[in-house]
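Written below as structure tokens is the structure these notes are about.
The basis for the numbers below is simple: all heavy atoms, side chains too, and nothing from hydrogens, waters or symmetry mates.
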Amino acid sequence: IPSEASEALNIAAYGIGDEYRAHCDGRCGGSALDRHGERVATSIVYCEVAALGGHTTFTSQHLKVVPQQGDMLVFGYLEDGRLSREVEHSACPVVAG
């Protein structure tokens, strides 16, 4: 993949009470992939993890990912050539640590 087709690196750090509400990274919801440089995947590296809370959930899948330090979560957005709504996700509030 050419570097000009990539996005800049995003870094987030969460403190007690911080969260990221349900969202899609880029477009989602059944639309066709029609633009050069459209985001087709996300990777999350968990450099540190909360003692309680802070996990990642996929809202439509009722799936909760509870990471360990150093884990990487990778997920793609394409389903039959269309952008899937099933990748809507959130970062749950950090409760401790």
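Linking Ile, Leu, Val, Met, Phe, Trp and Tyr residues whenever their side-chain heavy atoms come within less than 4.5 Å places Tyr14 and Ile16 in a single cluster. Tracing side-chain contacts under 4.5 Å through hydrophobic residues (I, L, V, M, F, W, Y), one never reaches Ile44 starting from Val94; they form parts of separate clusters. Under the 4.5 Å side-chain heavy-atom criterion for Ile, Leu, Val, Met, Phe, Trp and Tyr, Val87 and Tyr46 are members of the same hydrophobic cluster.
Side chains of Cys92 and Thr57 form a contact here, defined as non-hydrogen atoms less than 4.5 Å apart.
Expressed to the nearest 0.5 Å, how far CG of Leu9 lies from CD1 of Ile11 amounts to 4.5 Å. Interatomic distance, Leu73 CG to His55 NE2, rounded to the nearest 0.5 Å: 13.0 Å. If you take OG1 on Thr56 and CZ on Phe75, they are separated by 7.5 Å, rounding to the nearest 0.5 Å. Rounding to the nearest 0.5 angstrom, the gap separating the OH atom in Tyr77 from the OG atom in Ser84 is 10.5 Å.
No hydrogens or angles considered: nothing links the side chains of Glu88 and Ser60 as a donor-acceptor pair under 3.5 Å.
When every heavy atom of Gly17 is checked against every heavy atom of Pro93, the shortest pair comes out as O-CB, 4.3 Å. Of all heavy-atom pairs between Ser43 and Val74, the closest is CB-CG2, 3.8 Å. Across all non-hydrogen atoms, the minimal contact from Ser90 to Arg21 is CB-C, 3.8 Å.
Under a cut-off of 6.0 angstrom, the local environment of CD in Glu48 is sparse, with at most 12 non-hydrogen atoms contributed by other residues, nucleotides or ligands.
With His23 contributing its side chain and His89 its backbone, the two residues share a donor-acceptor pair below 3.5 Å.
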